[in-house]
Amino acid sequence: QKQAAKPKVLKVGTEPSFAPFEFQEEGSKEYTGFDMDLIRAVGKQMGYEVQIVSMGFDGLIPALESGQIDAVASGMSITEERAKKVAFSKPYYKSGLTMVIKSDNNSIKTFKDLEGKSIGVQIGTTGAEEARKIKDAKIREFNTPPEAFMELKNNGVDAVVNDLPVNEYFIAKTGAKDVKLAGEVQNAENYGIAIAKKNTELSEKVNKALDDIKANGEYEKIYMKWFNKKP
Ligand code: GLN
């Protein structure tokens with residue numbers, strides 16, 4: 001009697017309040033978004049079953065290092081600092097930081113205008129790093145971007161510094177008229193899939209799978225679905 005081979009499982013950590021990359025539709029428990037489709041396509045290409053593990057953004061790299069998860073797909077920007085601790089796949093999405101401010105605020109136009117202001121950020125992110133460089137700014141850290149946006153709406157902070165596509169999606173999706181984007185895109189950043197440094201075999205497989213889904217059109221299909229344009 002023939003038995004079906006049990007698929008290998010790829011445990012993927014994510015912080016799922018980062019729409020349109022990883023989030024849950026209202027009333028749904030399923031994790032959806034660009035990163036979720038991408039990592040499932042990568043897993044399928046490698047012959048792995050993808051299991052999503054939800055956790056705080058600042059817990060993702062420690063979870064990789066301790067072997068609790070195999071990979072991170074969480075809009076994570078490839079930075080020198082992080083690359084000291086974990087390996088990154090090839091870049092899969094080009095991003096950058098902008099600000100969100102109140103619509104009636106006409107005094108904040110550049111990041112420099114944030115000097116002395118209070119800034120909401122998500123804990124452990126490149127946005128938090130960038131905000132910390134601003135002179136005399138008061139940094140307020142939140143567990144998720146939606147919490148930071150909420151504080152802005154309630155006038156608890158002057159601005160939120162966060163990834164551009166997430167800021168855009170938040171404003172468009174919620175139809176918010178009381179907040180707007182501001183500032184030039186700062187720090188062109190690339191998202192990568194993070195993998196434990198010692199797991200070189202998995203890194204190679206993931207990079208190969210990324211190449212494969214780019215070559216066979218699957219990557220473009222996923223990109224079109226979420227961003228309505230070609231990559
Ligand atoms: N791209 C940013 C970073 O890597 C934010 C990621 C996130 O909040 N999910 O720090």
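Every number for a ligand or one of its atoms is a count from 1 in the order of the listing.
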Does [X] have a non-hydrogen atom less than 4.0 Å from ligand 1?
| X | result |
| --- | --- |
| Glu129 | no |
| Phe21 | no |
| Met76 | yes |

For this session: Give a yes-or-no answer on whether the side chains of Glu130 and Asn187 include a donor-acceptor pair shorter than 3.5 Å.
Result: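 Yes.
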
Problem set entry | Atoms in ligand 1 flagged as close to Ser77, the criterion being non-hydrogen separation under 4.0 Å |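 Those atoms are 1 (N), 2 (C), 3 (C), 4 (O).
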
Exercise. With a cut-off of 4.0 Å, which atoms of ligand 1 are near a heavy atom of Asp163?
Worked result: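 Once the distances to Asp163 are compared, the set is 1 (N), 2 (C), 5 (C).
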
Problem set entry | salt bridge (charged side-chain N to carboxylate O under 4.0 Å, His left out) partners of Lys112, counting only residues at least two apart |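 Residues passing salt bridge (charged side-chain N to carboxylate O under 4.0 Å, His left out) with Lys112: Glu115.
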
Problem set entry | Ile108 side, atom CD1; Lys102 side, atom NZ - distance, nearest 0.5 Å |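 NZ of Lys102 is found 11.5 Å from CD1 of Ile108.
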
For this session: Please determine if Lys90 and Asp211 form a salt bridge, counting it only when a charged side-chain N lies under 4.0 Å from a carboxylate O.
Result: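 A salt bridge links Lys90 with Asp211.
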
Exercise. Which is closest to atom 3 (C) of ligand 1 in terms of heavy atoms, Leu97, Val166, Thr126?
Worked result: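 Minimum heavy-atom distance to atom 3 (C) of ligand 1 goes to Thr126.
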
Exercise. Are the ring centres of Phe142 and Phe149 closer than 6.0 Å?
Worked result: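 That pair fails the under 6.0 Å test.
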
Problem set entry | Contact (N/O only, under 3.5 Å) between Thr125 and ligand 1 |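 No - when backbone and side-chain N and O of Thr125 are compared with those of ligand 1, no distance drops under 3.5 Å.
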
For this session: Considering heavy atoms of the protein only, find what lies nearest to atom 8 (O) of ligand 1 and give residue, atom and distance to 0.1 Å.
Result: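 Looking at atom 8 (O) of ligand 1, the protein heavy atom closest to it is Gln122 OE1, 2.4 Å.
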
